[in-house]
Amino acid sequence: MSKYRTHKCSELRKEDVEKIVSLSGWINKKRDHGNLLFIDLRDNYGITQCIIDKDNKYFLEIEKSQLETVIKVEGKVVKRSDETINKDIETGEIEVAIDTFEILGTCKELPMPVFSDQEYAEEIRLKYRFLDLRRKKIHENIILRSKVISFIRNEMTKLGFLEFQTPILTSSSPEGARDFLVPSRLNPGKFYALPQAPQQFKQLIMVSGFDKYFQIAPCFRDEDARADRSPGEFYQLDLEMSFVEQEDVFSVVEKLMVNTFKNFSNKKLLYDKFPKISYNEAMLKYGSDKPDLRNPLVINDITEIFNREDVSFEIFKKLVKSGSMVRCIVTKNTKDKPRSFFDNIDKWAKGEGASGLAYFTLGQDKNISAKGPIGKFFSEEALMEIMKITKCEVGDSIFMACGKQSELEKITALARDKIGKELDLINDNIFAFCWIVDYPMFERDEISNKIKFSHNPFSMPQGDLTEENFEKPLDILAYQYDIVCNGIELSSGAIRNHKPDLMYKLFSIAGYDKSQVDQKFSGMINALSYGAPPHGGIAPGIDRIVMLLANEKNIREVTMFPMNQNAQDLMMNAPSEINSDQLKELNLSIKNKN
RNA sequence: GGGGGUGUAGCUCAGUUGGUUAGAGCGAUCGCCUGUCACGCGAUAGGUCGAGGGUUCGAGUCCCUUCACUCCCGCCA
């Protein structure tokens, strides 16, 4: 028998009445009636009410114990009278009448309460994370995370994937995010990089003939944080398969996602078979390559309307002549919305840096007409044409934005989200997954005007790649795909390019010559020259999956020991200065700031 | 790097138009209370109003600078 307990704090029931038991845990809450004291004793599993009165020799000691003191109690399980049963806790039909008591761990005055649903400043939560983690909601989130990871690991194993570890100290890669660097003592002046993802290693695993690999892989990127993006480190379900096409990867991941989300959430899946949306279509219809498909609103291009003679909305017409486009969002049956609704959206858009959102509502007396400040600029025929393009009807409203493609995509995507929320169109009780496919292989850097890889340089380009195609690199699509859920990008993946010649060709388009490729990707390119299987994979973000399942908006709520926005660990004081001996050993010197 | 929000007791917050000694709840300490489950009641302690500067007879409140936390943009193949 355990020295500390016969039962956990969630276990005792009325069937256990009369048993002599011992429990250990934290004092969650005390209710002191002077001569009678109730103690809610909490452990990882639950809460049990314990009771002691003044006749017990331990009464005074227990009465003056702080909340969160760790204690062991021994006593008899007692049935509660009907009117004192607490239905809110599992053990609410009984209580433990304390006989003996022992303090296992004392507790100073708390910097923050543990028993409370109140929100606290992030700073104090992170500094005292060990206290924060005792609190119900986040404690459960972290347990959920553990269960999700076990489940995924089990599913992957069942599907025949093998789990391997890959190096944490590796080499810096020229593409992608900023690296975290680690100085090498044995190689003065040289640095390891922490992996941004095990990208090259997982491909090497395929070249090594292991066929199906996965790993719950730590990834390190030195980029600024967001609510859904931890600074520094995060985890991916990294997976790779040999002798597969895009569809083979999709079917594995779809199965895994459907099983995981059905197992850990009561929310419905909007699609069991995830729709595939091309990158270009997503950018037009949703203004984004991570659309929230719970939102029924779509964006339409109505640029051509502003070339018509019978449209006299001169501001837009002028901009369209000089190369701008017009895109719009239709809201169904909003004719009775107050003027303030429309003006607020317009005002909001201006706050987002756009020139605003023009709008009108379609009305009909004898003829169809547009109501609103700019309605008079559109003829009935022009309105009919808009109705045809956008499939809108009388009673609907249309919000329009005008601008260059990229700024237009940005503002319409934000507007789609904003209007969807304003009109309460987003059902929070569903998960809407989709695949975004057919990403372009290359894009033009807006600042340098150079051609660069738009995503992963190791992706396989689509189609028959003749010389002619290489002359129009921006038209080349890749077997590159993302999986998106409720507007959150869960991962991206690709069928890889396993042909060295083609790889050199693609890198040359992005401005790397053969020797640069040989040098930067020596491990990879060399390996691909010794019989590489066609292969592909993907890497869904574990943190974001758990975030969706836990219904949290911030990734720190599903991360046990997160860093703050400035990539500092307030509990461990990382990063910290190091002493001169350490620097000397590493052949480093610190240049003084300013 | 840029923009927004927040910063008052250990914690969560209030604090009016610039005006007396800066308040409440929780927590802490002390006292009372034998059926609570956010137990109740009474008392006490606890404040560099994030920091620095300025305006003013007078600043928690107005202005400037700065710091911290956070959200967003850039960034994140």
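These figures come from a predicted structure and were not determined experimentally. Each chain gets a letter, A, B and so on, in the order its sequence line appears, and its residues count up from 1.
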Review point. Nearest heavy-atom pair of A:Cys50 and A:Val73: which atoms, and what distance?
Key: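 Heavy atoms of A:Cys50 and A:Val73 come nearest at SG-CG2, 4.0 Å.
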[N] OP1/OP2 closer than 4.0 Å to side-chain N/O of [X]:
X: A:Gln568; N: B:C69; answer: yes
X: A:Lys29; N: B:G27; answer: yes
X: A:Arg221; N: B:C75; answer: no

Practice item. Pick the C1' atom in B:G18 and in B:U61, then give their distance to the nearest Å. Key: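 To the nearest whole Å, 6 Å.
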Check your understanding: For A:Gln118, which contact category applies under a 4.0 Å heavy-atom criterion: base, sugar-phosphate, or nothing?
Key ->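 The answer is sugar-phosphate, as A:Gln118 gets under 4.0 Å only of primed atoms, P, OP1 or OP2.
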Check your understanding: If you look at every strand shown and take non-hydrogen atoms under 4.0 Å, does A:Phe453 touch a base, only sugar-phosphate, or nothing?
Key ->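 Touches sugar-phosphate only.
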Residue [X], side-chain heavy atoms: nucleotide from [options] that is nearest:
X: A:Leu36; options: B:G35, B:U70, B:U12; result: B:G35
X: A:Gln66; options: B:G74, B:U29, B:C37; result: B:U29
X: A:Glu95; options: B:U36, B:A68, B:C11; result: B:U36
X: A:Arg31; options: B:U34, B:C37, B:G74; result: B:C37
X: A:Asn554; options: B:G35, B:C71, B:G27; result: B:C71
X: A:Glu123; options: B:G27, B:C69, B:U36; result: B:C69
X: A:Ala227; options: B:C72, B:A38, B:C75; result: B:C72

Review point. For B:U29, which nucleotide in any strand shown is its Watson-Crick or wobble partner with both distances under 3.5 Å?
Key: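 Base-paired to B:A43.
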**Study point:** Pair assignment for B:A68, Watson-Crick or G-U wobble, requiring both distances under 3.5 Å
**Key:**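 Pairing partner: B:U6.
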Point to revise | Geometric cation-pi criterion A:Lys29 and A:Phe115, 6.0 Å radius, 45° cone | key: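 No, cation not above the ring by the 6.0 Å, 45° rule.
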Review point. Is the charged tip of A:Lys202 near the ring of A:Tyr213: under 6.0 Å from the six-membered ring centre and within 45° of its axis?
Key: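 Verdict for A:Tyr213: no cation-pi partner in A:Lys202.
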Review point. So, A:Asp289 and A:Tyr439: side-chain donor and acceptor under 3.5 Å apart, yes or no?
Key: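 Note: A:Asp289 and A:Tyr439 side chains meet the donor-acceptor criterion.
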Check your understanding: Stacking here means centres under 5.5 Å and planes under 30°; does A:His33 stack on B:C39?
Key ->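 Stack criterion met.
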